[in-house]
Amino acid sequence: MDLSLSPSIIPTPIIPCNKSHTFNFKLFPNFPNSNSKSRNFLGKPLISRQNRPIRIRIRIRAQTPNVNNDNDDFVLEDVPHLTNFLPDLPSYPNPLQNSKAYAIVRQTFVHPEDVVAQKVVVQKDSPRGVHFRRAGPRERVYFKSEEVRACIVTCGGLCPGINTVIREIVCGLNVMYGVDDILGIEGGYRGFYSKNTMSLTPKVVNDIHKRGGTFLRTSRGGHDTHKIVDNIQDRGINQVYIIGGDGTQKGAALISKEVEKRGLQVAVAGIPKTIDNDIAVIDKSFGFDTAVEEAQRAINAAHVEVESVENGVGIVKLMGRYSGFIAMHATLASRDVDCCLIPENPFYLEGPGGLFEFVEERLKENGHIVIVLAEGAGQEYVAQDLHQVDERDASGNRLLLDVGLWLSHKIKDHFTNFKKMAINMKYIDPTYMIRAIPSNASDNIYCTLLAHSAVHGAMAGYTGFTVGPVNSRHAYIPIARVTETQNIVKLTNRMWARLLASTNQPSFLNSDEGIPEKVDQEPIEVMNILNRFCGCPPYMVNLIEL
Ligand SMILES: Nc1ncnc2c1ncn2[C@@H]1O[C@H](COP(=O)(O)OP(=O)(O)OP(=O)(O)O)[C@@H](O)[C@H]1O
Ligand SMILES: O=P(O)(O)OC[C@H]1O[C@](O)(CO)[C@@H](O)[C@@H]1O
Ligand SMILES: [Mg+2]
């Protein structure tokens, strides 16, 4: 593929979504020359890593095997259906047609051709673009209610609303479809083969939405596709509901493929979950609003503390492993925050335009400052400073170092020892508190819709899908589509500009290079991967195809 190069801006290669590509790249950190005033987090000029190219290979797989593109520029990224590999599967009228609740609904069933557009802001001559199948009940179902044996599993970290999703899958299956054989798999994927199941009825799950956490418990690691599918087969399970983040959804895709390979009549439905709100394609992940709301309490506490003392510096650390959505939204919602630091926007401490300078300015101006920090920000610099080696959790996710503690020491040290200025540091770390709570009202409703969409999809025979809102309409999305990239805060989008306008904080961009060229949002795949790989925004690297 021909990638045009520019000296400091990464090109934006257009990658057709229906073809696979392999790229070999050599990445040169685009750090400024020795005359530059830019400093890294340790205050050293950003030249030491010059000329240390990183070689990487990026393989981009076709986004979906199920692309239906009969109509010129109309693309339907469809999800698999059980009849793709079990063509003789009988179908039945949907029991919802007898439901009193739906009796006066004008259109109980979703029209078979209803789709949801991925892009809604278009121009007169824009191509029609990518669409997903609209979620909702279908006229025909591929399971007899009395023959359904469903199971639910929750994996990965906690998130407000998991219990609501569990509750609504159980109640939705039971009330709408008359299903009463529903099993809970305990303790994540490993629970399939290492634990007994529990029986889930509307009565058992009646109150669980009022509690945080997951009623079924969770775990990381332990995904063994063969053992899991053996277990599904042995237990006679024919609908699998899998609630979890990107890792969990990758596991769900493997289960669904293995089910197809074995020719089993088992529908696999994924419900995306992550507090970080970094799942691709969908508008927002459930529990995110609740977490942002809870974060306000911590920010407020920090603000109250620091404005009550002289030279008060408040630091609040929020979740966000690779993406700063929680920090960004919590900052925008609060208006008490002076500076928001996220993984996507590397910051530096010393020198002009650095954090120390900004802290000093705000202390002089207002007598206090509040900094909100996403836990994934500046990780490599903390590691470098503390000489820490890379550690991983059971799922292979990088274990983060406490950047909040590190930053509070750095600021304290700078002002006490260098500036000879006494400051009052208040470090608040509410990371787990914002996700270990029950979901708020709007998240509860959102969780109900997700659960019902999953139930309708599985009953209708769809499989290997993830549910979620795309431009506010719920859709069935091929699992690979939500796992191939993770959303990150795009510094080139207006939302980040709104934040900068609201806090008036330094942008930490290298003034020698100016503002990065505006980049298109669509062909973002390669940029996302590079961003993740290099731990810095894409425009900070030069890219040369090998
Ligand atoms: N690539 C993968 N293939 C198969 N299974 C996976 C994969 N990645 C993770 N898993 C499994 O999915 C489960 C959850 O993964 P992980 O701990 O990464 O959390 P997650 O689903 O990404 O959620 P969170 O957003 O909380 O991190 C684990 O049991 C793990 O073994
Ligand atoms: O629950 P654990 O294993 O401590 O993981 C915490 C991580 O999980 C997440 O909440 C994602 O689910 C991240 O924000 C955080 O870094
Ligand atoms: Mg994850």
Side-chain angles (χ1 to χ4, degrees), residues 61 153-162 165 185-195 212-214 216-229 240 242-258 268 270-280 282 284-288 290-292 294-295 317-330 342-343 373-377 379 382 391-404 429-437 464 466 479-480 482-489 532:
R61 261 176 288 144
V153 65
T154 59
C155 314
L158 293 183
C159 174
I162 301 178
V165 176
I185 307 295
E186 279 195 81
Y189 276 134
R190 64 178 82 241
F192 271 103
Y193 52 85
S194 65
K195 291 220 161 67
T214 160
L216 297 174
R217 309 180 67 227
T218 185
S219 66
R220 297 195 187 271
H223 180 97
D224 183 324
T225 313
H226 284 99
K227 274 174 150 175
I228 292 170
V229 179
V240 184
I242 303 177
I243 306 168
D246 59 326
T248 307
Q249 300 303 318
K250 284 178 195 155
L254 294 176
I255 293 172
S256 144
K257 282 201 190 101
E258 183 62 22
V268 179
I271 297 101
K273 164 225 69 84
T274 177
I275 196 72
D276 292 350
N277 194 32
D278 59 359
I279 294 185
I282 65 170
K284 182 162 63 177
S285 48
F286 72 82
F288 176 71
T290 307
V292 169
E294 188 66 12
K317 188 181 77 174
L318 297 174
M319 279 198 168
R321 197 183 258 149
Y322 302 115
S323 66
F325 288 105
I326 299 178
M328 177 171 76
H329 283 247
I342 58 172
L373 179 68
E375 59 178 348
Q379 282 296 313
V382 189
E391 280 188 80
R392 307 253 155 189
D393 70 15
S395 294
N397 302 305
R398 216 169 97 205
L399 287 176
L400 300 179
L401 301 165
D402 193 341
V403 66
D429 179 356
T431 40
Y432 289 102
M433 290 175 69
I434 66 166
R435 70 170 206 189
I437 51 172
T466 293
I479 295 180
V482 294
T483 56
E484 65 201 355
T485 57
Q486 279 173 291
N487 279 350
I488 51 165
V489 172
R532 179 64 38 76

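Just so you know, ligand 1 is whichever comes first in the structure, and atom 1 is the first atom listed for that ligand. Count residues from 1 along the sequence. This is a predicted model, so every value here is computed, not measured.
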**Message:** Can you tell me which portion of R190 lies within the under-4.0 Å heavy-atom range of ligand 1? Options are side chain, backbone, both, or neither.
**Reply:**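 R190 to ligand 1: no contact under 4.0 Å from either part.
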Element-labelled atoms of ligand 1 that are located less than 4.0 Å from some non-hydrogen atom of [X]:
{"X": "H223", "value": "4 (C), 5 (N), 11 (C), 31 (O)"}
{"X": "R321", "value": "27 (O)"}
{"X": "G251", "value": "4 (C), 5 (N)"}
{"X": "L254", "value": "3 (N), 4 (C)"}
{"X": "K273", "value": "23 (O), 24 (P), 25 (O), 26 (O)"}
{"X": "G222", "value": "31 (O)"}

Would you mind listing which atoms of ligand 2 come within a distance below 4.0 Å of any non-hydrogen atom of [X]?
{"X": "G320", "answer": "14 (O)"}
{"X": "I275", "answer": "10 (O), 14 (O)"}
{"X": "M319", "answer": "10 (O), 14 (O)"}

**Asked** What about D393: any of its N or O atoms under 3.5 Å from an N or O on ligand 2?
**Response** no
**Nitrogen or oxygen of Y432 less than 3.5 angstrom from that of ligand 2** =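 Yes.
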Donor-acceptor under 3.5 Å ([X] side chain, [Y] main chain):
{"X": "Y189", "Y": "A252", "answer": "yes"}
{"X": "S219", "Y": "G187", "answer": "yes"}
{"X": "N277", "Y": "S285", "answer": "yes"}
{"X": "R190", "Y": "R220", "answer": "yes"}
{"X": "T274", "Y": "D276", "answer": "yes"}

**Item:** Modelled atom types, side-chain donor and acceptor of Q249 and T466, under 3.5 Å
**Value:**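 Yes, because at least one side-chain N or O of Q249 sits under 3.5 Å from a partner of the opposite role on T466.
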Considering non-hydrogen atoms of the protein only, which is the closest contact for [atom], and what is the distance?
{"atom": "atom 17 (O) of ligand 1", "result": "S395 OG, 2.6 Å"}
{"atom": "atom 25 (O) of ligand 1", "result": "T274 OG1, 3.1 Å"}
{"atom": "atom 27 (O) of ligand 1", "result": "R220 NH1, 3.1 Å"}
{"atom": "atom 18 (O) of ligand 1", "result": "N397 ND2, 3.0 Å"}
{"atom": "atom 29 (O) of ligand 1", "result": "G221 O, 2.6 Å"}
{"atom": "atom 5 (O) of ligand 2", "result": "R220 NH2, 3.1 Å"}

**Message:** Please enumerate all residues that pass salt bridge (charged side-chain N to carboxylate O under 4.0 Å, His left out) together with R398, with sequence neighbours excluded.
**Reply:** D390
**Request:** Would you check whether G245 reaches within less than 4.0 Å of ligand 2, judged by its heavy atoms?
**Result:** no
**Prompt:** With a cut-off of 2.8 Å, does D246 place any N/O/S atom under that distance from the Mg ion (ligand 3)?
**Reply:** yes
What about [X]: any of its N or O atoms under 3.5 Å from an N or O on ligand 1?
{"X": "K250", "answer": "no"}
{"X": "G244", "answer": "no"}
{"X": "D393", "answer": "no"}
{"X": "G247", "answer": "yes"}

**Item:** K317 with D402: basic N within carboxylate O range, under 4.0 Å
**Value:** yes
**Option nearest atom 7 (C) of ligand 2 (shortest heavy-atom distance, choices E375, R398, R321)** = R321
